[in-house]
Amino acid sequence: MTPSQFRSMMQQRQNKLKQAVRKFEQDIDCAQRQAKAAHDKWVRDVNREIDRAKQHNKRVVADHNRRVRQRNQNAAAAVNKYKQAVRSHNAAVERDRQRRISALRALSSPRYIEVRTSTFDLNERYERVERTGLSSADLLSLSEREAESSATVAEALATDAPTAPQPEQDSGILEYLAGFSQDLCDRWKGALYALNPINPDAARHFCTSVREIFTEILDKWADNEDVLEADPNAELTPNKTGPSRRAKIRYLLKQKGADTPEMLGFVEQDIEDILQLFHVFNEATHGAAGKHGLTKLQHIRQRVEGGIMFLAAVAL
């Protein structure tokens, strides 16, 4: 092989090597481009899914917030309806409260003495609230209505032939309870339906439903975590499972700037005044005292309904 042929052969080999290197580099570049394209597509797909999830979550949150706003608006509308009814009621019969209290104090009969005692206590607490000059005129007006209502039902129970209660404006209770749940609203309707002098189970049904409603209102507007966050030293229930009813009432009143000792004592006594009616109710339904007549049951219903809406107004 001549030197010229050898150089030609080497040149050819070098060219083939260069071609192989170029092809290898091209293959790598192609593979890298394909890998980048696949990665970019994956990133776009992931981002699209993330955006879709964000939009979905945004719609879910917006729907939830809209439902919460609607429930709160419905609750506010129901409470405003109750306040309007109270204003009309107070303007018409406020003067009767002292007359009823005086008449109850003049009674010497031992019948329903615990009801009368509770009424006296509630009215004295109202007068202390009134003397302190509570800043919320609405709350003071509603408290006056509760004190008067307590005296009215005590007078009706202590009277052999009580007069029928005056018809009242719609208190808004059905709209308010429906804002919690239709089940709670249905329980109240069922309790009213069961409130019949010839129904031996009326007391248990009615009392159980009302206790549940009071509990639901307090748990809804005074959540355990919120109460303890506002006051880590809040009084707890006897079994230490959460804040006591008094602690929850204090929390709600504080939101209104009305957490005076007098107002706290009044709201708590108002609930007790209603709950102690249940003991009397049960005794009269099952005991020797006989069944309550329809008129007395109507007075009890009005008293309880007003108490529920009073707590609703305190809570809102």
Side-chain angles (χ1 to χ4, degrees), residues 82 85-86 88-90 92-127 141-171 173 188 191-192 194-197 199 202-211 213-214 266-285 287 289-313:
Y82 164 66
V86 168
S88 299
H89 180 91
N90 283 357
V93 301
E94 186 278 332
R95 63 183 177 276
D96 289 339
R97 183 175 67 86
Q98 288 296 344
R99 179 192 62 76
R100 287 193 171 95
I101 293 297
S102 297
L104 287 170
R105 291 191 187 281
L107 290 176
S108 58
S109 169
R111 293 177 60 198
Y112 301 112
I113 190 169
E114 66 272 36
V115 175
R116 301 202 304 271
T117 300
S118 179
T119 291
F120 298 150
D121 186 3
L122 188 66
N123 274 264
E124 287 167 4
R125 288 176 185 271
Y126 166 70
E127 289 169 1
S141 177
L142 301 180
S143 301
E144 180 182 38
R145 172 68 180 88
E146 287 300 285
E148 193 274 337
S149 181
S150 175
T152 299
V153 75
E155 183 180 54
L157 289 173
T159 303
D160 290 329
T163 57
Q166 292 294 320
E168 295 187 339
Q169 289 181 262
D170 181 6
S171 69
I173 190 170
W188 172 249
L192 294 184
L195 202 60
N196 188 305
N199 181 6
R204 184 194 62 79
H205 190 164
F206 186 74
C207 300
T208 299
S209 295
V210 172
R211 286 181 187 277
I213 290 170
F214 277 132
F266 178 84
V267 176
E268 191 170 35
Q269 177 57 30
D270 190 56
I271 295 175
E272 285 297 329
D273 185 66
I274 291 171
L275 295 182
Q276 61 85 30
L277 282 176
F278 298 163
H279 175 67
V280 175
F281 193 6
N282 275 301
E283 280 190 343
T285 302
K291 296 180 176 66
H292 287 305
L294 181 60
T295 299
K296 291 185 178 182
L297 293 181
Q298 289 173 335
H299 278 285
I300 291 174
R301 181 200 64 78
Q302 279 194 1
R303 171 70 181 110
V304 173
E305 183 173 328
I308 290 172
M309 292 309 295
F310 175 67
L311 184 60

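When reading the values below, keep in mind they use all heavy atoms of this one structure, side chains included, and skip hydrogens, waters and symmetry mates. Throughout, numbering of the chain's residues begins at 1 and tracks the sequence.
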Do [X] and [Y] have side chains that get closer than 4.5 Å, going by heavy atoms?
X	Y	result
Arg105	Arg116	no
Gln302	Val153	no
His299	Leu157	no
Gln269	Ser118	yes

What's the shortest heavy-atom distance between Ala151 and Asn123, and which atoms? CB-ND2, 4.4 Å
Partners meeting salt bridge (Lys or Arg N to Asp or Glu O under 4.0 Å) with Arg303 (sequence neighbours left out): Glu146, Asp270, Asp273
For Glu268, is there an ion pair with Arg125 - N to carboxylate O distance below 4.0 angstrom? no
Measure the spacing between [atom1] of [X] and [atom2] of [Y] and express it to the nearest 0.5 Å.
X	Y	atom1	atom2	result
Leu311	Ile271	CG	CD1	5.0 Å
Glu127	Phe266	CD	CZ	10.5 Å
Tyr112	Glu114	OH	CD	9.0 Å
Glu305	Trp188	CD	CH2	5.5 Å
Ile274	Leu122	CD1	CG	9.0 Å
Ile101	Glu124	CD1	CD	8.5 Å

Given 3.5 Å as the limit, does a donor-acceptor pair link the side chain of Thr119 with the main chain of Ser150, or not? yes
Can a donor-acceptor pair be found, under 3.5 Å and without considering hydrogens, that links the side chain of Ser149 to the backbone of Arg145? no
